[in-house]
2 protein chains.
Amino acid sequence: MRTKMEGGWLWLKGLPSRSLANVYEIYRQTTKIATDDPRKLIHSFKVGLTLTLVSFFYYFRPLYNSFGVSAMWAVMTVVVVFEFSVGATLGKGLNRGLATLVAGALGVGANHLASLAGKTSEPILIGLFVFIQATASTFVRFVPTVKARYDYGMLIFILTFSLVSISGIRTDEILNLAQKRLSTILIGASTCVIISICVCPVWAGEDLHNLVGRNVEKLGSFLEDLTAENFRPPSEAAQTENGSSGVSVMSRLNSVVDSKSSEETLANFARWEPGHGRFMYRHPWKQYVKIGNLTRQCARRVEALLNAYLNSKTQAAEEIRGTIQEAFSGMISESGKALKEVASAMETMSRPPSPNPHLANLKIASKNLKSLLKSDFWEGYSNLSQVIRVASVASLLIDLVVCVEKVADGVNELSSMANFKCKDGNNVNFRQVLVEIPSVSHVGNDEVKVEGRLSTEVDRQILNA
Amino acid sequence: MRTKMEGGWLWLKGLPSRSLANVYEIYRQTTKIATDDPRKLIHSFKVGLTLTLVSFFYYFRPLYNSFGVSAMWAVMTVVVVFEFSVGATLGKGLNRGLATLVAGALGVGANHLASLAGKTSEPILIGLFVFIQATASTFVRFVPTVKARYDYGMLIFILTFSLVSISGIRTDEILNLAQKRLSTILIGASTCVIISICVCPVWAGEDLHNLVGRNVEKLGSFLEDLTAENFRPPSEAAQTENGSSGVSVMSRLNSVVDSKSSEETLANFARWEPGHGRFMYRHPWKQYVKIGNLTRQCARRVEALLNAYLNSKTQAAEEIRGTIQEAFSGMISESGKALKEVASAMETMSRPPSPNPHLANLKIASKNLKSLLKSDFWEGYSNLSQVIRVASVASLLIDLVVCVEKVADGVNELSSMANFKCKDGNNVNFRQVLVEIPSVSHVGNDEVKVEGRLSTEVDRQILNA
């Protein structure tokens, strides 16, 4: 008993410090969100502002006299419709407005029809209408195309039809009621849309553009870091140096792989948006989803490549790897540069350089690596299994190059679909760049001489000339 | 002018057949949904039924007299809260009920506080409260843990607080109003939950269990089909035979890779559900998400393996591949069988056999393949580049085996977390199965003799003995 009381006392004594810790934790999390993306803080203020504006319907007697309790619907509309991005707000607002209009009209019609049948059978008929309508509309919500764009509209359709037709049993002012409700909903929705567009707008289309571009850029710099770390996966490099911080580096790759659903959601929202900034109405948003898919495919290839490379490393194939290490590094760094160039073209919305020097490099290097794999240059190595490990890395590298080309093609398509402007002198600086794969000549059995390499430094000088 | 009129006439003439075609298309789509998942049709009827039940508040005078227009909130609640699965409905219902309770109480409190300040400053104070509350709550909705489980509750909190505190300006019956609203919302929500649980319930937890299990099973039979098609990817095999139908086969792999977000959503819903059928309350739903992730990783390895294999095929390394084709097929088919066994253990909720004969086979085969890669048995082949291509497939195969083991481990963990029952005689039928990797002995340079193989047929006889 004593100990229980003591435990309770300790618990009570610890309460202030614990709740202080909780408050601090919440404070820490919210400040992190606010600093990571200040637009979220601004959005919150916008919602507060719009709600306060709409509540003027209650404060001012003349406004309240004309709308009455229906003013409530304006408040509800603001809370439910106001979303983070303009596209989502517009989509919800249009869905809500149109669905209310159509369902209201149908509800009044159904009510009129039921009243013709006489007082006793009226509730039965209305009940039947509501049942059939709710069942059919709920089922239509499962159709994928409806679910993607009109789900909220269908919900409001069911709601409004049911409310209007049922209310008709208890009031004769049904037309007046429906009209008031519709006008307050329209006022609420349009206030949301106006505030959402006019005060620091958040465009889903711009977010999509940035997300897809940033993913390409992330993948590019991941590959570049790989070579900077002497072709070690950055995660491993970081882990060996300072424990567990490498996880966050590897998660860069995972964040690219896992972005599919957010890209699709943004593309759906973006289709509601009018032209804004650098984007026209009917910007090819679907192409972004396509580029996103290609980028993810590319990221998965990088993952496979890393796994194979780590395997070849545990086998300690240092000797053989040394001979083509530079070719590997060169190709990976060129892949990274090609992706980053494509990403920067997306960012500036300019046409990617055509022909792209890095891509041209990669194509030639890939071709050379292919013929190297076909040739018998491997012969003479004592430890063949090591050669095989390294060669499997090489063939995955060739796969990666194909993927990088696909991403570049996707961005090229986008640039012609969306009429990206030509960058000044894109095609002037470019000169044909020739890349050599190391031609390894065997002197003895294990003695190896490497001649030539992926001559990027030299080429860069030519390019800058 | 004439042609325009003629065109118009043709358009009008074509209208009936076109709209008939449209109606037919909608009919086709909906019947497809209904036959694919009849639960969706049943759900629609359940919504219709619940709405009709709740609308009795309007039809019967005694009920209407006690609730009045507030009965509207019961209808609204049903439309908004009733979701496809029990977990989602329960989650939304609890969120809505609790949020209404708390926000209603706070709204009444805020109203009382403002009324103390006098008639003139009352609207200003209430406006300030609403602004602060809406801004803060909207911002809290961005916190990831809140977003995942309490997003709807926060929305209702903002809505109710605003409505209750603003309404207070125009009516003195605010407490009465808030109480009526709360009770009708509770009635609506509990009707939803009861109908959702009692009439053909759809459990999110069961769906999650089936989805994750089915994905493991899909991957397993994909691998088995691979061997049945003589180690050709099923898509390619189908394409060569009948055009483009192979796409749907390859999409089996994609559907596994792309199921992440739906698994996470289901896991979130499942946490709201009480114990049902074979699942207890607090079933380890998170472990399913983990198994799902491992399965996806495995599917990505299969993708990489297929790519490498197709590459090795275009290089026409038939000769070398022939020698270890059987070992490849054996390992892939064992991987498929191991996954299918794990999937069937999940389906029957029994402990997977331990030690798992297929996994034991795989481990030994993988070890043998590893030592084969290390050995110099490849020497003497004339075309070394072909050997390398095949060897890269081999090393990817070893990676795949590691992944399959991880999936099996994940399911093992699940079975001990959730106390799966032991299958009768799981460990009785099992005998140590020894698997030999083909030991290839060179007779001449290109003449090859294969002795021994992945002796599954023989072993199966031993197992069944």
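So that the names make sense, note that chain A is the first sequence line, chain B the second, and so on, each numbered from 1.
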Pick one of side chain, backbone, both or neither for [X], based on which atoms fall under 4.5 Å of a heavy atom in chain A.
{"X": "B/V257", "answer": "side chain"}
{"X": "B/L49", "answer": "both"}
{"X": "B/F84", "answer": "side chain"}
{"X": "B/S55", "answer": "both"}
{"X": "B/I156", "answer": "neither"}
{"X": "B/K40", "answer": "both"}

Aromatic plane relationship, A/F45 with B/F131 - under 30° parallel, 30 to 60° tilted, over 60° perpendicular | tilted
Where does [X] contact chain B at under 4.5 Å (heavy atoms): side chain, backbone, both or neither?
{"X": "A/I132", "answer": "neither"}
{"X": "A/R301", "answer": "side chain"}
{"X": "A/A34", "answer": "both"}

Euclidean distance, B/I166 CD1 relative to A/F56 CZ, rounded to 0.5 Å = 10.5 Å
What distance separates B/F142 CZ from A/T30 OG1, expressed to the nearest 0.5 Å?
-> 13.0 Å
Please name the pair of heavy atoms, one in A/L155 and one in B/V79, separated by the smallest distance, quoted to 0.1 Å.
-> CD1-O, 3.4 Å
Neighbourhood of chain B inside residues 133-141 of chain A, taking heavy atoms under 4.5 Å as contact | A/A134, A/T135, A/T138, A/F139
Give the member of [options] that has the highest number of heavy-atom pairs under 4.5 Å with chain A.
{"options": "B/V47, B/V75, B/L163", "result": "B/L163"}
{"options": "B/G127, B/P144, B/A71", "result": "B/G127"}
{"options": "B/I126, B/L396, B/I33", "result": "B/I33"}

What residues, two or more places apart in sequence or in another chain, satisfy ring pair (Phe, Tyr, Trp, His ring centres under 6.0 Å) together with A/F82?
-> A/H43
Are the side chains of A/I158 and B/L51 in touch, meaning some heavy atoms are under 4.5 Å apart?
-> yes
Would you mind telling me which of A/L41, A/V130, A/V80 has the largest number of heavy-atom pairs within less than 4.5 Å of chain B?
-> A/L41
